[in-house]
Each structure stands twice: as C-alpha cells, then as structure tokens.
Undergrad: 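There's a structure below that I have some questions on.
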Amino acid sequence: AEGAGLHDEL
Amino acid sequence: MNIFRLLGDMCHLVAIIILFLKIWRSKSCAGISGKSQVLFALVFTTRYLDLFTSFISVYNTVMKVVFLVLAYATVYLIYLRFRSTYNSESDSFRVEFLLVPVAGLSFLENYAFAPLEILWTFSIYLESVAILPQLFMITKTGEAESITTHYLFFLGLYRALYLANWVWRYHTEGFFDQIAVVSGVVQTIFYCDFFYLYFTKVLRGSGKMTLP
C-alpha cells in the first residue's frame with residue numbers, strides 16, 4: 001500500500 | 001495522470017460549476033441540500049491543507065484552489081445570498097450521524113497518526129458520505145429538478161471514473177491507496193440507485209425526476 005505522504009489525487 | 005483521472009476531475013469540476021450556476025442564475029437554491037454543500041466544503045478544506053506543505057503540480061494546485069473557492073461560494077449562495085429560497089425543513093438529515101463516526105474512524109484507520117494525515121483520512125471518509133443529505137432530501141420531497149440531477153450525475157460519474165483510474169494505476173504503477181479505494185467504492189455505490197433513476201426517468205422523460 002502507498003501510505004502516508006504525498007497524496008497526488010484531488 | 002491518466003485519461004480516467006483527468007476525465008474524472010473534469011466531471012467533478014463540471015458538477016460543481018453546474019450547481020453553482022444553477023443557484024446563481026435562478027437566484028434560488030430550492031431542492032439543494034445546504035448540508036451536503038457544507039460537508040463538501042469541509043472535505044476540501046481538510047484534504048487540501050497540503051497546499052501549504054507540499055507542491056505536486058500546477059494542475060494539482062490550481063484545481064484544489066478552484067474546488068475550494070467554488071465550494072465556499074456555493075455555501076455562501078445557499079446560506080447567505082439566497083437564504084430565503086433554502087428549503088431548510090426538507091434538509092433535515094442529521095449530519096452529526098455522519099461526522100461523529102467519520103471522525104472516529106479517521107483516528108482509528110489511517111496511514112499515519114499525524115494531524116494532516118488524520119485530516120486527509122477524515123476528508124476521504126467524509127466525501128464518501130457527504131452526498132447523503134442531498135439524496136435524503138430528494139427521497140423526502142420525492143422529486144428533483146433536472147438540473148439538480150445533472151449535477152448528481154456528473155458527481156457520480158467523477159467517482160466512477162476515479163475507480164477506473166485506480167484500476168489503471170494499480171496495473172501501470174502498482175499504486176494502491178486502500179483508504180481512498182475502499183471509500184471510493186462505497187461512495188460510488190450510493191450513486192447506483194440514483195443512476196438508475198437518472199437513466200430511466202430524467203433522460204427518457206423531461207423536467208423533474210419524480211420518485212415512484
């Protein structure tokens with residue numbers, strides 16, 4: 001899973 | 001960025017603009033749930049706090065600012081400028097029944113126990129249920145103006161396109177955001193019943209959508 005950090009979606 | 005994501009974002013933008021222009025031009029927010037719009041403003045506010053902490057792209061920043069401005073402008077039109085046209089008695093969904101569980105869940109199930117991360121998680125969970133006061137209002141009054149249904153259609157289409165975006169990203173980048181995907185699936189399911197009514201009633205007939 002991608003987790004915390006950059007959320008690149010709107 | 002892929003075509004599903006871009007189309008999804010555009011549908012989201014179109015939905016928000018449709019709603020804003022409908023209220024602005026008719027000088028009325030009849031049939032619109034102010035509570036749903038406040039929830040969406042809260043969703044954007046809590047999610048886009050990263051505007052201050054991280055830069056992703058010009059596109060990302062511009063869209064976030066546009067969504068925030070339009071969300072607050074819509075809330076302004078409903079609760080201040082055209083307040084006399086707001087059907088507060090039909091907008092009777094108890095939002096605390098959404099906010100309390102969503103806030104609780106965002107503390108329990110998140111990627112990191114950090115303020116910005118919990119607020120991001122809160123916004124994801126809240127977005128999945130933010131439309132419920134609007135759907136509840138339509139169910140309660142038994143009808144919706146066609147322009148309101150077009151708004152809901154584009155909002156639902158945006159969600160469906162984001163699902164396609166996640167399938168695409170999973171296969172091309174190995175990207176899988178569990179919190180967003182699970183919430184996104186839940187959110188899209190809420191629109192299924194509406195989609196059915198939209199295709200069978202609004203597009204075949206004309207004017208208002210009336211519930212059976």
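Given the structure is predicted, the values throughout are model-derived calculations rather than measurements. All values below come from the heavy atoms of this structure, side chains included, with hydrogens, waters and symmetry mates left out. Order of the sequence lines fixes the chain letters, A, B, ..., with proteins taken first and strands second; residue numbering starts at 1 for each chain.
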Undergrad: Look at atom CZ of B:F199 and say whether more than 12 heavy atoms of other residues, nucleotides or ligands are closer to it than 6.0 Å.
TA: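 Enclosed: over 12 neighbouring heavy atoms sit under 6.0 Å from CZ of B:F199.
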
Undergrad: Report yes if some heavy atom in the side chain of B:L116 is under 4.5 Å from a heavy atom in the side chain of A:H7; otherwise report no.
TA: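 Side chain of B:L116 against side chain of A:H7, heavy atoms only: no contact under 4.5 Å found.
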
Undergrad: Within residues 22-49 of chain B, which residues come under 4.5 Å of chain A, heavy atom to heavy atom?
TA: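 Contacts with chain A: B:R47, B:Y48.
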
Undergrad: If you count heavy-atom pairs within less than 4.5 Å of chain A, which of B:I179, B:T53, B:I56, B:D50 leads?
TA: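 When all of B:I179, B:T53, B:I56, B:D50 are compared, B:I56 has the most.
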
Undergrad: I need the contact set between residues 1-13 of chain B and chain A: heavy-atom distance under 4.5 Å, sorted by residue number.
TA: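 Near chain A, by residue number: B:R5, B:D9.
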
Undergrad: Tell me, with the steps shown, if B:Y158 and A:L10 meet side chain to side chain contact (heavy atoms under 4.5 Å, CB included).
TA: CA-CA 11 Å; B:Y158 140 64; A:L10 291 169; over 6 Å; no

Undergrad: With only heavy atoms counted, which part of B:Y59 is less than 4.5 Å from chain A, the side chain, the backbone, both or neither?
TA: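 B:Y59 touches chain A through side-chain heavy atoms alone.
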
Undergrad: For residues B:F55 and A:L6, determine if any side-chain heavy atom of one lies less than 4.5 Å from a side-chain heavy atom of the other.
TA: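 They are not in side-chain contact.
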
Undergrad: Taking only heavy atoms into account, what residues of residues 118-135 of chain B are found under 4.5 Å from chain A?
TA: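 When heavy atoms of chain A are the reference, residues 118-135 of chain B contributes B:W120 within the under-4.5 Å range.
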
Undergrad: Is there a donor in the side chain of A:E9 and an acceptor in the side chain of B:N165, or the other way round, less than 3.5 Å apart?
TA: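 Yes - a donor-acceptor pair under 3.5 Å links their side chains.
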
Undergrad: Which members of residues 61-76 of chain B, sorted by number, sit under 4.5 angstrom from chain A on a heavy-atom basis?
TA: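 The stretch touches chain A at B:M63, B:K64, B:F67.
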
